[in-house]
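Residue numbers begin at 1 in each chain, while the letters A, B, ... track the order of the sequences. Not measured: the values here are computed from a predicted model.
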Number of protein chains: 2
Amino acid sequence: MNASTRIENALRSALALGEGAGRPPRLSAALHHAVFPAGGRVRPQLALAVARACGDSEPALVDACAVAVELCHCASLVHDDLPCFDDADHRRGMATVHRAFGEGLAVLVGDGLIALAFEVIARAPTLHPERLGAIVRTLAQSIGAGRGLVAGQAWEQEDVVSIGRYHRAKTGALFEAAAVMAATACGHDAGPWRRVAAAIGEAYQVADDLADILGGARDLGKPVGQDLTHDRPSAVRSLGIEGAFARIEALRGEAEAALPECAGRGHLIEWLGRVVERLLPAAQRPARAANWA
Amino acid sequence: MNASTRIENALRSALALGEGAGRPPRLSAALHHAVFPAGGRVRPQLALAVARACGDSEPALVDACAVAVELCHCASLVHDDLPCFDDADHRRGMATVHRAFGEGLAVLVGDGLIALAFEVIARAPTLHPERLGAIVRTLAQSIGAGRGLVAGQAWEQEDVVSIGRYHRAKTGALFEAAAVMAATACGHDAGPWRRVAAAIGEAYQVADDLADILGGARDLGKPVGQDLTHDRPSAVRSLGIEGAFARIEALRGEAEAALPECAGRGHLIEWLGRVVERLLPAAQRPARAANWA
């Protein structure tokens, strides 16, 4: 089974937990709307790539980790799109959850997806239940108010913001969690994988900032120009467009250099290259800068 | 140390995780506002009472369970108070989180408290890490979209609602989680404790519905008449006022009958009685019904 099929199957199984006669039907529909159809699934893909490099010795627990990070990512998108933040009408080319189902259900969908992420991990069959504590803790911190997604979003509401801290919390934390959880599930030292994931996460954030300037709305399935509109810190505003492209290349190199000796190292380097390329806006030449004042 | 001191200390330690230079300062203030000063702390009190009855052999893990259920309870209050649900201005006699800090931070506070609940459990020192899976699963389900808090709140947005299912999800789930998590932490069979907690949870919900009709706003620290205003299912609307009081008495009996043989059984029965009494509105005589059309 290829990674995408594995991820979509695992996500469908997760969403089916507690579905049926017992669950409020509109909530079920809204949860499904938040998770399908697939976006890039970059975080669970990273989890599976790390697991493969670590022998993939606990596949059910790895699947649970991959699903959990994607559910938390989807939760953060649903809440970030709310009128009190981005007030976004579209996401992945569809109506955002609050536009389709109302604000109340959108708040509940985010909460429900976070809870489901932990439930999926706790339910995963594993020969190594002693690994659960570290996995749960990593996921919780990647969402949390200290250095996680919640902190990242909250930095947008502060007057003084370090762009590095903002990006590490808002994007890096969940990338790092994906890699650390997968390595931990397989019983490997997570330290090197955290560094690999931190570089990929930052590259992803810089690419996202570029796409916000350069990409057509069709590429992202969401409106462009949001960073300027919401006066958010942006790598492009700090580095310029050419500087942002150079930063992505440097980060690709950092990720490769941080890779530990492992099975399929060559495959992983190829995968990294493909991920970074796919991140870049469709028209990625700095010449497009002319369109941007 | 008495139970209240133990709970407040554990909550303060939990909130301090990740505080300091690294966390967005307004978010920290909003998190604190959501958890302090103490409300009734009924759920963590229940967790500690069950733990005592089960020998309290894992006090750090029990504290984590007690804290986790209270943090999730506080999260649900913050989100339920949002303009897209109850649009409440006051809670525990203070401004609600969104009134004091804005809607965006209120959404993030709820998310952050849920994540923190799981972090606290995952960090708890324990000689029995194999118990974590069941504890995390119980907590996740008590919040979740199947039968948890999220499902309960979502039932308010459906056309057809079973009041039993609504109350079990909205209130019962977290009471049951408090008892089940505490018993599990101590290595005891959680089954009987789930039944005890289900009865207490339902009594609590009926008392809350009574207070919504009979209580002065000062008793609750929140506005009364919310069930009618929001056309919510209510035990008082189903049973009438006298019926609701009778139901609370019956549930107290059910809770006592479900108590397993355990250390300090007599103490626990006394505690149950005190809890139920404290739940009732200040002026608890059915004669007050005259004020209610």
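- Of the listed residues (Arg137(B), Glu119(B), Glu158(B), Glu103(B)), the one with the most heavy-atom contacts under 4.5 Å to chain A is Glu158(B).
- Comparing Pro83(A), Gly144(A), Ser162(A), Gly133(A) by how many heavy-atom pairs each has under 4.5 Å with chain B, the most go to Gly133(A).
- Proximity to chain A (any heavy atom under 4.5 Å) is restricted, for Leu82(B), to the side chain, taken from C-beta onward.
- Cys84(A) contributes atom SG, which lies 9.0 Å from atom CG of Leu105(B) (distance to the nearest 0.5 angstrom).
- Of all heavy-atom pairs between Val150(B) and Leu108(A), the closest is CG1-O, 3.5 Å.
- Neither the backbone nor the side chain of Leu149(B) comes within contact range of chain A; no heavy atom of the residue lies under 4.5 Å from a heavy atom of that chain.
- Annotation: side chain of Pro24(A) is not in contact with side chain of Gln157(B) (no heavy-atom distance under 4.5 Å).
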Original post:
Step by step, would you call Trp155(A) with Leu27(B) a side-chain contact (heavy atoms from CB on, under 4.5 Å)?
Top reply: CA-CA 9 Å; Trp155(A) 278 118; Leu27(B) 178 63; over 6 Å; no

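- Comparing Gly146(B), Gly152(B), Ala169(B), Ala75(B) by heavy-atom pairs within less than 4.5 Å of chain A, the highest count is held by Gly146(B).
- Among the candidates Asp111(A), Ile143(A), Leu132(A), the residue making the largest number of heavy-atom pairs closer than 4.5 Å to chain B is Asp111(A).
- Residue Ile135(A) does not touch chain B at all, counting heavy-atom pairs closer than 4.5 Å.
- Each of Leu116(B), Val107(B), Thr138(B) has some count of heavy-atom pairs under 4.5 Å with chain A, and the biggest count is that of Val107(B).
- The residue from Leu139(B), Ile114(B), Val136(B) that alone fulfils the side-chain contact (heavy atoms from CB on, under 4.5 Å) condition with Phe118(A) is Val136(B).
- With respect to chain B, the highest number of heavy-atom pairs below 4.5 Å among Gln153(A), Arg147(A), Arg123(A) belongs to Arg123(A).
- Looking at Glu130(A), its side chain never comes within 3.5 Å of a backbone N or O of Glu130(B) through a donor-acceptor pair.
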